[in-house]
Structures are given as C-alpha cells and as structure tokens.
Colleague: 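The structure follows.
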Number of protein chains: 2
Amino acid sequence: MRASDKAYQALLEDIVDGTLAPGTALAEVEQAERLGVSRTPLREALSQLRKDGLIQQTRGRGLTVTDVSLDDIVELYELRQPLEQQAAKLAANRGDIQVFAQLAEEFQNADRLIEGGDAGIKAYYNLNERLDKAIEEAISSAYLVSALKSLHLHLARIRRLSRRDPQRLKAAAIETLVIIEAIVDRNPELAASATQVHMQQSLRNALEAARSREVTQRVS
Amino acid sequence: MRASDKAYQALLEDIVDGTLAPGTALAEVEQAERLGVSRTPLREALSQLRKDGLIQQTRGRGLTVTDVSLDDIVELYELRQPLEQQAAKLAANRGDIQVFAQLAEEFQNADRLIEGGDAGIKAYYNLNERLDKAIEEAISSAYLVSALKSLHLHLARIRRLSRRDPQRLKAAAIETLVIIEAIVDRNPELAASATQVHMQQSLRNALEAARSREVTQRVS
DNA sequence: TCAGCCCCCAGTGTATACAAAACTAATAAC
DNA sequence: GTTATTAGTTTTGTATACACTGGGGGCTGA
C-alpha cells in the first residue's frame, strides 16, 4: 500500500469517527510524523480530503477539518434525496432480484439485530452497507456511484453525531425494507417514493439528534 | 498562483478540449516538462484529476485520460438528470427572482445569438454559464453545488463531441427558457418537469451527435 | 523455434532540502 | 492608545535526489 493511500485512509477514518474534531488544524509536519509518512504523500492525502470536502483551507489557520452544522445536515440531504432516489429507481430497473430478495429477508429480521446489543447493532450497520453495495452494483453508472460514495462519506460523519435510538433504527429498517421490496418487484416509482419517505424521516431524525446533542454540549 | 493549480487548470483544459485525447498516457516527467513545473505539483494535479474521474490508472500504461463512450454519456445523464432537477427545484424555491427574470429575457433573444456566427454562439454559451452560476448561487447547498460542478466538467467534455447544430441549440434555448420561467414563477414542480424534458432532449441529441461522430471517424 | 528466465531501464513513489509566503509580535510613530 | 511597519519564525510550496517496482527485451537452453 502506498504511503499516500495509507495517510488518506488514516486521516479519513480519524475525521469520520471524530478523532480529528471539526475545526482541528492539520499541520503538515505534525500529521506526517503522527502517521509515519513524509510530507509528500501526506500532502497528496490532504489534497484528496480537500476535494472530498472533509477539510478546508481556512484563512489564517491553514487546513482545518470542516464543520458539520445543522445547516450542513439539511444541505447534505438536499443532495442525498435526489441521489438515493435515482439510485433506488435504477436498482429497481436493473438490480439482481435474487440479491435484493435475500437482503429483504435479512431486513425482515432487523429487529432482532437491533435489540442484540452492540454486536447486533454492528451487524445491522453491516447489513446496511451490504445493501448500499448491492445498489451500487445494480446501478452500473460510474458517475452516480462515485457521487453516492462521496455522499456516504459525509453521511457517516453525521451518523456518528446521532445517538443510536433503537426505536428509530427499527423504523428505518422498515422504511428500508419497503424500498428493497419495491426493487424486488421491479417497481421504480414505488422505490423512489419509499426512498423519499425514508430520506424525510432520516433527515428529521438526524436534525433532532444533532439538536439534542448541541444542547447536551452546551449544558456540559 | 500555485504551480499545482496551474498544472491542474492546464491539464483540465487540455482534457476537456480534446488536446489530450481519451486514452492518452500521461507520463509525469513528460507532462511536468511540458507545463513547466516540477513533478511534485504535477502529481498533485494528477491526483485531483483522478478524483474528478478525468484520468484513470490503467494497468500497464500508468495514468491515461478516461474514455467517453456512448455508455458513458447515458451513465452521465443518469446522474445529471436528478441533480439538475433538484437544482431547478431549489432555485424555484429560493432563487432571486430579479436575476432569473433578467436571464429569461436574455434567453428570449437566444435565437439571435445562435444565428450570430461563432461570436454569437460563444455569447450563447456564456449566457448558459451565467444561468448555471445563478442556479448555483440560488441553491446555497455546498454539497449539491460541488456535485453539479463535477458534473459540468464531464458535460463540457461531451459537448465538445457534439456538433453545433443551430436547430438543436434553439430548441434547447426554448426548453431552458421554460425552466427559468418556472423558477421566476416560484413553481418547483414545473421547474423539475421542464428540466426533465430538457434532459431527455439533451441526452438524445448528445447520443445522436456522438453516434454520427463515431461513424464519421470510422469512415475517415 | 519457442518457452522461460533474468537483467536492465523507464517510470513511479517517497524523502528531504531549499525557497517563498504568511502569520506573530514587537517596536516605533502618530 | 492605536496603528503601521518590519523582523523573525513557522509553515507551506517546490524542486530534486534517491529507492523501488514492474515491464520489455534479449539471451539461453531445450
């Protein structure tokens, strides 16, 4: 593995999981030393992350990890909504029915996973990832897939802010199941509508979680 | 201006306008010398272009300019369609009516521009760019704007392949005018529908142009 | 003649040294 | 007291040298 890729992956993880909090300044020498690479590959990683929109040049402080405000969440969903909708439509048109039928079955048992403690939650997230992957494969449009990947990067960051509310997760699982079943039924319109519903609920939840988190932070 | 930015811009232009044709291998030393920068900033530029999807790592030949096949055009429109639709919707919700009313007026006179030779065509393209800019400003969502920008990069490449058919340009101007008027009327649904129509026609035209071009190339 | 292997070299990947720019802070002038 | 200017220091940006890898071509042996 190239040093620049290694640096990129490491920084990406640190930013997504919050180790490098929003606003953190990233000095080149400091990060290079921390990650055990020289400045050259590190700079390449940084420039990638800038393209991803995860870091930005802030006047006076060099590169800093971008912030995630409530407005950002809304704005992100203004991109997410049309992208996922299109993805669902295309998957309904072209997806491998076998694959999605299998996923549907697993989502029917999502409740059990969600109630299964940390390991279960992890398994549930894993299931979601497999769904994303299946959709990406079904789409076949490299451009759309690439846009989705970039989107999911930012979503992962937001998700970390949301508290894990089992009630919400169960509801989300049901919403997702409707989408998958629409795909299995080769019903693009239904898949699109179900996606819109899911997006709406997901946004509402993300905002609530972020708001309550803001309050928590203010109090503590 | 930084050398890496300069290299990026130069390569970007060369790729979009076809100077660097699809499939061209980009050797680092060669390009660095051509552009008058050292390998370090050049590599940064290359890694950006790779993120943009304009160049790719092809096994055995290093980095090459990505190809634009008929399938690619279809796939690109599978991303373009939802993005532009969303953009139009948001612009209809939030856009500065003054700005779009002004643009509408100018688009009403598009015929004159299109018939006005190369200078007129250029002015018409310029007008389109101003529309794109106005929409981007109206949107305010950084994520969507960024996705649109990336999209327009690839579109510019395709547009180069299309022959400039005045008939098609006039039709496109009318389609666009409908979208703008919907924005002025604060009618998101109409803006979305008009955009879908425009996308459909635009895709059809792009495919036809690319197909006839393919034939031309085979014959010559 | 053809297959397989090895060597060489072109080209990429990384480290480091050097140049330039920008921020900080201190001092001086108004 | 405030502001502007400048020197110093830190940090970024660029060039270059070195290391490493992968591929092509040629040579040898069957």
Side-chain angles (χ1 to χ4, degrees), chain A residues 1-16 19-67 142 146 149-150 153, chain B residues 1-16 19-67 142 146 149-150 153:
Chain A
M1 194 182 198
R2 301 191 316 177
S4 50
D5 293 340
K6 178 181 144 197
Y8 175 76
Q9 291 296 340
L11 286 171
L12 186 64
E13 250 181 61
D14 287 348
I15 291 172
V16 168
T19 307
L20 293 170
T24 308
L26 300 176
E28 291 181 5
V29 281
E30 179 192 341
Q31 294 303 318
E33 275 172 19
R34 183 172 77 90
L35 302 174
V37 300
S38 80
R39 276 182 61 219
T40 306
L42 181 95
R43 279 175 65 91
E44 197 168 320
L46 288 178
S47 88
Q48 301 288 317
L49 291 167
R50 195 163 50 101
K51 267 242 145 152
D52 288 333
L54 291 173
I55 64 181
Q56 67 192 138
Q57 203 120 28
T58 55
R59 141 106 196 152
R61 297 209 301 150
L63 292 167
T64 57
V65 178
T66 53
D67 204 39
S146 148
K149 277 188 178 154
S150 159
L153 232 59
Chain B
M1 194 181 195
R2 301 191 316 178
S4 50
D5 292 341
K6 180 182 142 196
Y8 175 76
Q9 291 296 339
L11 287 170
L12 185 63
E13 253 182 58
D14 288 346
I15 291 172
V16 168
T19 306
L20 293 171
T24 309
L26 300 176
E28 291 181 5
V29 280
E30 179 192 342
Q31 293 302 318
E33 276 173 17
R34 184 173 77 91
L35 302 175
V37 299
S38 80
R39 278 183 59 218
T40 307
L42 181 96
R43 278 176 65 90
E44 198 168 319
L46 288 177
S47 87
Q48 301 288 316
L49 290 166
R50 196 163 48 102
K51 268 238 141 147
D52 288 332
L54 291 173
I55 65 181
Q56 66 192 142
Q57 204 120 25
T58 54
R59 143 108 196 150
R61 295 209 303 150
L63 293 167
T64 58
V65 178
T66 52
D67 204 39
S146 149
K149 278 188 176 153
S150 160
L153 232 59

Colleague: Can you list, in residue-number order, the parts of residues 20-37 of chain A that come under 4.0 Å of DNA chain D, counting heavy atoms only?
Modeller: Leu26(A), Ala27(A), Glu28(A)

Colleague: Going from CG on Leu153(B) to CG on Leu12(B), what distance comes out if it is rounded to the nearest 0.5 angstrom?
Modeller: 5.0 Å

Colleague: Just how far is it from atom CD of Glu13(B) to atom CG of Leu20(B), taken to the nearest 0.5 Å?
Modeller: 11.0 Å

Colleague: Atom CD1 in Ile55(B), atom CG in Leu26(B): separation rounded to 0.5 Å?
Modeller: 5.5 Å

Colleague: Determine yes or no for a side-chain-to-main-chain donor-acceptor pair under 3.5 angstrom, with Thr66(A) supplying the side chain and Gln56(A) the backbone.
Modeller: no

Colleague: Taking Thr24(A) for the side chain and Val65(A) for the main chain, is one N or O donor matched with an acceptor at less than 3.5 Å?
Modeller: no

Colleague: Are Gln31(B) and Asp14(B) packed together at the side-chain level, in the sense that at least one heavy-atom pair is separated by less than 4.5 angstrom?
Modeller: no

Colleague: Ser146(A): what forms a side-chain hydrogen bond (donor to acceptor under 3.5 Å, both in side chains) with it, not counting sequence neighbours?
Modeller: none

Colleague: When you measure from the side chain of Thr58(B) to the backbone of Gly62(B), do you find a donor-acceptor pair of N or O atoms at a distance under 3.5 Å?
Modeller: yes

Colleague: Quick check for you: name the first and last nucleotides of DNA chain D, 5' to 3', having an atom under 4.0 Å from a heavy atom of chain B.
Modeller: dG13(D) to dG23(D)

Colleague: Any sub-3.5 Å donor-acceptor pair from Ser4(A)'s side-chain atoms to Ala45(A)'s backbone N or O?
Modeller: no

Colleague: Show your working on side-chain contact (heavy atoms from CB on, under 4.5 Å) between Leu11(A) and Arg34(A) and close with a plain yes or no.
Modeller: CA-CA 10 Å; Leu11(A) 286 171; Arg34(A) 183 172 77 90; 3.8 Å; yes

Colleague: Can you tell me which residue pairs pass the salt bridge (Lys or Arg N to Asp or Glu O under 4.0 Å) test with a partner in residues 39-51 of chain B, sequence neighbours excluded?
Modeller: Arg43(A)-Glu44(B), Glu44(A)-Arg43(B), Asp52(A)-Lys51(B), Arg2(B)-Glu44(B), Glu28(B)-Arg39(B), Glu28(B)-Arg43(B)

Colleague: Using a cutoff of under 3.5 Å, can you pull out all pairs of nitrogen or oxygen atoms linking the protein to nucleotides 17-23 of chain C, with atom names and distances?
Modeller:
none

Colleague: What does the inter-axis angle of the helix from dT1(C)-dA30(D) to dC30(C)-dG1(D) come out as, five pairs per end, nearest 10 degrees?
Modeller: 10°

Colleague: List the steps and the verdict of side-chain contact (heavy atoms from CB on, under 4.5 Å) for Lys6(A) and Gln9(A).
Modeller: CA-CA 5 Å; Lys6(A) 178 181 144 197; Gln9(A) 291 296 340; 6.0 Å; no

